[in-house]
Structures are given as structure tokens and as C-alpha cells.
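Only one structure is covered here, and it is reproduced in the block below.
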Number of protein chains: 4
Amino acid sequence: MAVTTSTSQPVDAPTAPPDAHAHAGPTHGYTPAKDEYLRRLRRVEGQVRGIARMVDQDVYCIDVLTQIAAVTKALQAVGIGLVEDHLSHCVVDAARQSPEAGAEKVREASAAIARLVRS
Amino acid sequence: MAVTTSTSQPVDAPTAPPDAHAHAGPTHGYTPAKDEYLRRLRRVEGQVRGIARMVDQDVYCIDVLTQIAAVTKALQAVGIGLVEDHLSHCVVDAARQSPEAGAEKVREASAAIARLVRS
Amino acid sequence: MAVTTSTSQPVDAPTAPPDAHAHAGPTHGYTPAKDEYLRRLRRVEGQVRGIARMVDQDVYCIDVLTQIAAVTKALQAVGIGLVEDHLSHCVVDAARQSPEAGAEKVREASAAIARLVRS
Amino acid sequence: MAVTTSTSQPVDAPTAPPDAHAHAGPTHGYTPAKDEYLRRLRRVEGQVRGIARMVDQDVYCIDVLTQIAAVTKALQAVGIGLVEDHLSHCVVDAARQSPEAGAEKVREASAAIARLVRS
């Protein structure tokens with residue numbers, strides 16, 4: 001079926017080039033679970049593409065809205081996971097370095113959490 | 001620039017086939033603004049792909065979170081627009097047919113709004 | 001205790017005069033369920049007072065937060081109920097008067113729904 | 001009027017006994033800003049009472065909804081403040097004791113943040 005097939009195409013390839021894993025980038029809170037996050041974000045991306053398809057095919061408004069609510073929740077869930085990983089690693093590590101470093105990271109994390117709650 | 005280029009790739013082509021506009025589908029609240037909704041949803045899709053890229057490239061957690069909050073808001077804004085179009089057309093039309101038809105559409109719309117508020 | 005005392009002053013009296021029910025006020029969407037809404041809002045008010053009490057008695061932060069999330073949901077649920085009642089009565093009635101009257105009410109309701117979704 | 005009268009009764013007295021400040025309770029993240037939180041929560045409580053009054057006086061639905069959105073935001077802002085204070089004190093302190101203690105507190109805080117985001 002076209003719909004399912006299109007989301008499993010290699011269409012995402014350009015966004016994840018072969019050398020993407022080659023660089024020895026910095027390590028963040030989410031690094032250990034990076035593949036899991038990428039999998040969830042690819043799924044959200046496919047869901048958003050599915051919503052566009054629903055609109056394009058004149059699917060009933062209410063069904064489109066139901067899907068928008070679901071995808072919004074999925075995206076927020078990714079955000080909540082990233083917050084937990086960030087607190088677990090970056091914030092805890094900073095706190096263990098010094099109270100000041102911990103305080104600085106907490107300020108930054110709190111602002112990010114506030115944006116998430118308000119979104 | 002790779003980022004922009006990747007979102008303008010023909011990768012989305014399968015989801016919007018050449019004949020997509022050929023079918024004489026039903027008319028819904030959002031039909032008059034369909035192209036505008038498609039444009040916004042393509043943009044959200046590109047933003048979600050951008051978040052995946054950020055994770056893949058080990059961008060700092062807080063910056064990923066900021067982007068997640070922004071995309072969540074963009075998606076909710078699409079939902080709010082669809083609600084308004086649905087009320088303007090489907091609900092008003094039903095109400096003008098009969099109070100019962102109006103009541104039925106209001107029940108359905110309210111449930112969709114509730115899902116959006118809770119998401 | 002000063003804080004509690006001040007809130008139990010008769011300061012609210014002027015805003016709810018003895019003849020508050022005497023006026024033949026306008027009828028709104030929520031009028032038929034007014035007592036039910038008042039009951040729910042009194043409950044929310046008591047819950048907010050309970051949160052203040054928790055803070056005053058140095059209850060553990062996480063427990064205070066759990067209660068804040070619950071009360072926020074309860075308040076949003078009242079809002080969702082009011083939206084449904086408003087659509088059912090004010091919007092449907094206006095739509096039945098004229099398409100223009102319906103459109104005007106829809107615009108207004110949509111703005112209120114948007115504020116609720118974003119809150 | 002019975003409804004309003006009941007809220008201005010000394011019914012709250014038992015829940016905030018005269019000796020409420022007498023106990024040397026535990027110290028939490030929000031303790032230094034306790035008076036400020038109490039002030040904000042009293043204000044939210046008064047706003048909820050104001051919403052009940054609006055309903056009781058048959059104020060127009062849309063105006064009630066605007067106020068509900070505002071109070072929901074005020075309550076979430078209190079929650080966001082408590083999260084920041086909790087991270088600053090309880091979580092940072094635990095992290096400085098041991099990585100395990102930090103991890104435990106992060107798990108708990110993340111669950112509370114998730115409830116707030118979803119509310």
C-alpha cells in the first residue's frame with residue numbers, strides 16, 4: 001500500500017548520511033538511547049507526513065484532529081524522555097562537579113521544561 | 001545548505017502523487033485552505049526531521065528540547081486552525097439543517113477539542 | 001494565621017450581593033448546568049487551598065506538584081465543558097439565525113479554544 | 001447567598017491550625033520562597049472563586065473561558081517554579097551525595113514533570 005510503503009522508503013537517507021555516526025561528537029544525556037530517540041522521531045515524522053496525506057485526501061476534519069492530538073503527545077513524550085536523560089546525566093554530573101555548576105544547569109533545564117509545559 | 005535542501009528533496013513525492021488533486025473528494029471545513037495546511041504540515045514534517053538530525057549529530061539536549069517545544073506549538077496551531085474551519089463549516093452547516101444535526105456535530109467537535117486541550 | 005484569615009474575610013460579599021439570584025440575567029450555554037459547574041469550581045477552589053496548605057506545611061515538593069497537575073486538569077475539564085455548552089447553545093443558535101451570526105460566534109469561540117489549548 | 005457565604009465561613013480554620021508555623025517541618029526546595037508561593041496560591045484560589053462568581057452571575061461563557069485559561073497558566077507557572085526549586089535543592093543535593101541518590105531523585109522529578117507537561 002502506497003501509504004505504508006512511502007514511510008518505509010529510503011527517503012530519510014539524506015537526513016542521516018552514511019558518515020553521520022563517524023564523527024566523534026560530544027556525549028549528551030540522550031546519547032546512550034540515541035537510536036531509540038531516532039526511531040521515535042522517524043515515527044513522528046511519518047505520522048506528520050500521514051496527517052498531510054489525510055488533508056490532501058480530504059479526510060474528515062475530526063479524524064485529522066484526532067491524529068494531530070496523538071502526534072503532539074508523541075512529540076511531547078520524546079521531549080519528556082530527553083528531559084529525564086538530561087537531568088540524569090548533564091545536571092547530575094554538573095552538580096557533582098560543584099554546586100555552582102549544578103545551579104547553572106538547573107536554571108537552563110528549568111527554562112526548557114517551562115517551554116515544554118507551555119507548549 | 002544540506003538542512004534546507006533535504007526538506008525540499010523529492011522525498012515527499014510519494015505522499016503527494018501527481019493525481020492527488022484529481023479526485024473529486026468530499027469538501028470539509030479545511031478544504032478552502034487546504035494548500036495552506038499542506039504547506040504548514042510539510043514545514044512541521046521538515047522540523048521533525050530537523051530534530052532527528054539534531055539528535056543524530058549530538059546537538060546539546062537543551063537545544064533539541066527548545067525545538068521540540070516549537071514544533072509541538074506549530075502542530076497545535078494547525079489543530080486550532082482545523083477546529084475553527086470545522087466549526088465554521090461543518091458545525092454551522094449542520095446547525096442550519098436542524099438543531100439535532102447541530103447538536104451531533106457539536107458533540108463530536110467537543111470531543112476532538114478535548115483531545116487537543118489534553119495533548 | 002494571617003494568610004488564611006484574610007481569605008476568609010467577607011471580602012467576597014460585594015461581588016456576590018444577596019440579590020445575586022434575583023436578577024433575571026441572560027441565559028448562556030452553561031446555564032442549565034450552572035449548579036454542576038459551581039460545584040466543580042468550588043471543588044477546584046478547595047483543591048487550590050489544599051495545595052497552599054501543603055506548601056505551608058512543608059509537604060514534599062513532588063507531592064505538591066502531583067496535586068498541581070491534578071488541579072490543572074480539573075480546571076481544564078471545566079473549560080472543556082463550558083466550550084461544549086457554548087457551542088451547543090450560543091454557536092448553534094447564532095448559526096440558525098444567520099450564517100453571518102454563526103461565523104461571528106465561531107470566530108470568538110475559536111479564539112477561546114486556542115487560549116485553552118495553549119494554556 | 002448560600003454558595004458564596006459558605007466559602008467565607010471559617011471552614012478553613014481546622015485545615016490551617018494556629019500552630020501551623022510552629023512545627024519545625026522538613027526543608028524542601030521551595031522553603032526559601034514559601035511565602036511567595038503561598039501568596040501566588042492564594043491569588044489563584046481567589047481567581048478560581050472569581051470564576052465561580054462569574055458562572056453564578058451568568059457572565060458570558062467566553063469571558064469565563066478566558067479567565068479559566070489565565071488561571072490554568074498561573075497554576076502551571078507555580079508548578080514550573082516548584083520544579084526549578086526542587087531541582088536546585090533536592091536533586092542537586094542528592095546528586096552531590098551519590099550518583100545513585102541523584103538518579104533516584106531524577107527519576108521521581110521526571111515523573112512529576114511528565115505529569116505537568118501532560119496536564
Side-chain angles (χ1 to χ4, degrees), chain B residues 27-34 36-37 40-41 43-44 47 65-119, chain C residues 27-34 36-37 40-41 43-44 47 65-119:
Chain B
T27 302
H28 295 306
Y30 59 77
T31 304
K34 189 166 146 171
E36 171 64 12
Y37 280 116
R40 289 166 72 181
L41 286 165
R43 186 155 187 266
V44 169
Q47 288 172 313
L65 282 169
T66 300
Q67 194 59 11
I68 285 182
V71 178
T72 302
K73 280 200 173 187
L75 202 49
Q76 285 180 330
V78 171
I80 291 167
L82 287 172
V83 164
E84 178 159 13
D85 286 347
H86 181 67
L87 295 177
S88 299
H89 295 87
C90 311
V91 174
V92 164
D93 289 354
R96 292 185 65 77
Q97 274 174 36
S98 76
E100 294 71 30
E104 172 57 29
K105 286 290 177 193
V106 163
R107 249 194 308 279
E108 192 187 51
S110 300
I113 292 165
R115 283 190 293 270
L116 216 57
V117 171
R118 288 183 193 124
S119 74
Chain C
T27 302
H28 295 305
Y30 59 77
T31 304
K34 189 165 146 171
E36 172 63 12
Y37 280 117
R40 288 166 72 182
L41 286 165
R43 187 154 185 266
V44 169
Q47 287 173 313
L65 282 169
T66 300
Q67 195 58 13
I68 285 182
V71 178
T72 300
K73 280 200 174 188
L75 201 51
Q76 284 180 329
V78 171
I80 291 166
L82 287 171
V83 164
E84 177 158 15
D85 287 347
H86 180 67
L87 295 177
S88 299
H89 297 87
C90 311
V91 173
V92 164
D93 289 355
R96 292 186 65 76
Q97 274 174 36
S98 76
E100 294 71 30
E104 172 57 30
K105 286 290 177 194
V106 163
R107 249 193 307 279
E108 192 186 51
S110 299
I113 292 165
R115 284 191 292 271
L116 216 57
V117 171
R118 289 184 191 124
S119 74

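To find a chain, count down the sequence lines: A is the first, B the second, and so on, and within it residues start at 1. Atom set for the values below is all heavy atoms of this structure, side chains included, hydrogens, waters and symmetry mates excluded.
Listed options C:Ser98, C:Ala77, C:Ala109, C:Gly79 were ranked by heavy-atom pairs under 4.5 angstrom with chain B; first place goes to C:Ser98. The greatest number of non-hydrogen atom pairs below 4.5 Å with chain B, out of C:Asp93, C:Val83, C:Ile113, C:Val91, is found for C:Ile113. Note: B:Pro99 leads B:Ser119, B:Ala114, B:Pro99 in heavy-atom pairs under 4.5 Å with chain C.
When every heavy atom of C:Arg96 is checked against every heavy atom of B:Gln97, the shortest pair comes out as NH1-C, 4.0 Å. When all heavy atoms of C:Val92 and B:Val106 are compared, the closest pair comes out as CG2-CG2, 3.7 Å.
Residue contact with chain B, scored on non-hydrogen atoms closer than 4.5 Å, involves the backbone and the side chain of C:Glu84 alike. With a 4.5 angstrom heavy-atom cutoff, B:Leu87 touches chain C via backbone and side-chain atoms both. Heavy atoms of B:Arg118 lying under 4.5 Å from chain C belong exclusively to its side chain.
The CG atom of C:Asp85 sits 8.5 Å away from atom OG of B:Ser110, with the distance rounded to the nearest 0.5 Å.
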